[in-house]
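One is the number of the first residue; the rest follow in order along the sequence.
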Amino acid sequence: MALEAYMLDWAQMLVRWLHLITGIAWIGSSFYFVWLDNHLEVPPKDPNPRVYGEIWSVHGGGFYHNRKFLQGPGWIPEKLHWFKYEAYFTWMSGMGLLALLYWAGASTFMVDPAVLPLEPWQAVAIGFGVLVGGWLLYEGLCRTELVKSGMDFAVIGFALLALITFGLTQVFGGRAAFIHIGAMIGTCMVGNVFFTIIPGQKKMVAAIAEGREPDPIWGQRGKQRSVHNNYLTLPVLFIMISNHYPMTYSGKWNWAVLLVITLAAMLIRHFFNLKHKGVIKPALPLAGAALFALLAVFLYPRPQAASGPAIVIPPEKVTFANVQDVINNRCVSCHAATPSRGNFVTAPAGIKLEDPADIKRWAGRIHEQAVVRRAMPQGNVTGITEEERALLGAWYAAGAPGK
Ligand code: HEC
């Protein structure tokens with residue numbers, strides 16, 4: 001069993017690493033091409049009438065000269081480079097990570113009995129269903145007239161995202177809800193590459209090879225989907241790091257927090273897209289910054305508000321022995337040198353709480369996680385009570401005494 005958990009840890013580490021590398025390659029090349037498109041010199045100095053725009057750049061000790069042919073150069077180069085495996089491998093490694101971490105550990109990482117006491121298999125089924133359902137919904141929406149207006153699509157798309165986000169935070173723990181929203185958006189983005197952009201490019205190449213003019217509809221559809229991906233990139237990247245920040249995913253309003261951050265990220269992205277075209281709209285990043293500032297104020301910890309009527313612990317009960325009992329019962333099954341719960345090989349986040357000295361050392365973070373954020377015990381799998389949380393709070397407020 002311990003060996004199994006150990007192997008799982010290795011698998012997770014390697015797949016996470018792969019996911020990061022392929023993700024950087026995908027998003028990096030996508031950022032690069034968006035940048036390229038937005039900085040083309042149109043009309044070009046190049047005398048070839050098929051050239052739509054050109055750009056000179058210098059990087060890594062050499063000069064580069066890119067030219068864009070909207071309908072191709074009229075022939076097919078012998079060596080034509082495609083950009084697709086970055087996206088496919090990002091998705092596959094992401095799915096692998098989701099399965100290894102969240103689905104295999106559903107009882108710890110997905111189910112939060114305080115939200116909804118699901119069986120682990122039910123949680124996995126819902127998680128899987130959201131990925132497939134969300135993607136089908138998005139594809140369906142892309143086939144309506146709506147897709148012709150970027151703004152209408154953004155408004156309706158955002159409203160649907162809001163519904164799904166709210167729904168998912170009512171069934172999963174916040175952390176798993178966030179990650180599944182991210183995986184759902186990522187699936188739509190990779191779906192765009194696999195089902196629309198690449199097939200369109202193949203049709204284009206085939207037409208040129210046969211000496212026909214390619215149907216511009218393929219280029220247009222590919223462009224629409226690229227634009228969608230462009231706006232979704234920043235929110236997905238945020239969701240990938242969100243699991244480090246319980247303040248974003250652990251509260252009752254976590255769904256609203258995710259939506260506000262998504263909106264702020266899209267406004268900032270929009271600013272840069274316009275700026276590339278020479279349109280400067282400072283109101284956009286200012287609005288984004290204002291949203292973050294509002295969130296910061298809104299999320300400022302107010303422990304009493306979260307736990308309802310204040311529970312007062314009589315001072316004589318605020319002893320280290322009582323605190324240690326709580327920690328032993330509610331935390332040590334995970335936070336031990338050799339955890340007995342979940343698929344942990346070593347203490348999660350490197351925090352061991354078996355020794356009194358460690359409990360005292362981590363008093364601040366224990367208070368932060370178990371009292372203020374209520375992110376621990378994870379999914380409250382060990383069933384900590386409100387009195388016990390209040391005791392930890394009172395202990396910390398009294399200066400975390402060791403007696
Ligand atoms: C089911 C297993 C489990 C239980 C029970 C549990 N934790 Fe955790 N804890 C975790 C995991 C997993 C992480 C790492 C979270 C992450 O990766 O962000 C963690 C992280 C932490 C951290 C570090 C977070 C940070 O960034 O500061 C603290 C502090 C903590 N736990 C305290 C507690 C306390 C106090 C209890 C008991 C009241 C508790 N935990 C119970 C699994 C558990």
Greater than 12 external heavy atoms within 6.0 Å of [X]'s [atom1]:
X      : atom1 : answer
Trp10  : CH2   : no
Tyr85  : OH    : no
Glu145 : CD    : no

Polar side chain donor-acceptor pair, [X] to [Y], under 3.5 angstrom:
X      : Y      : result
Tyr64  : His59  : no
Arg175 : Tyr102 : yes
Asp112 : Asn380 : no
Arg225 : Asn229 : no

Are any of the side-chain nitrogens in [X] or [Y] under 4.0 Å away from the carboxylate oxygens of its partner?
X      : Y      : answer
Glu41  : Arg67  : no
Glu54  : Lys45  : no
Glu354 : Lys352 : no

Give a yes or no answer on whether the side chain of [X] reaches the backbone of [Y] with a donor-acceptor pair at less than 3.5 Å.
X      : Y      : answer
Glu388 : Thr385 : yes
Trp218 : Gln201 : no
His180 : Ala176 : yes
Asp46  : Asn48  : yes
Glu86  : Gly23  : no
Gln122 : Glu119 : yes
His335 : Ile351 : yes
His19  : Val15  : no
Asp37  : Phe33  : no
Thr90  : Thr22  : yes

Does the ring center of [X] lie less than 6.0 Å from the ring center of [Y]?
X      : Y      : answer
His228 : Tyr138 : yes
Phe195 : Trp135 : yes
Phe172 : Phe178 : no
Tyr88  : Phe194 : yes

Quick one: closest heavy-atom pair of [X] and [Y], and the distance?
X      : Y      : answer
Lys317 : Leu391 : O-CD1, 3.5 Å
Arg389 : Met376 : NH1-O, 2.8 Å
Pro246 : Ala375 : CB-CB, 3.8 Å
Ala363 : Ala400 : CB-CB, 3.7 Å

Exercise for the section: Mind running side-chain hydrogen bond (donor to acceptor under 3.5 Å, both in side chains) on Arg330 and Thr382 for me, showing each step along the way? Expected result: CA-CA 5 Å; Arg330 311 300 185 195; Thr382 50; 5.5 Å; no
Handout entry: Among Val371, Ile359, Val326, side chain to side chain contact (heavy atoms under 4.5 Å, CB included) partner for Trp395
Key = Ile359
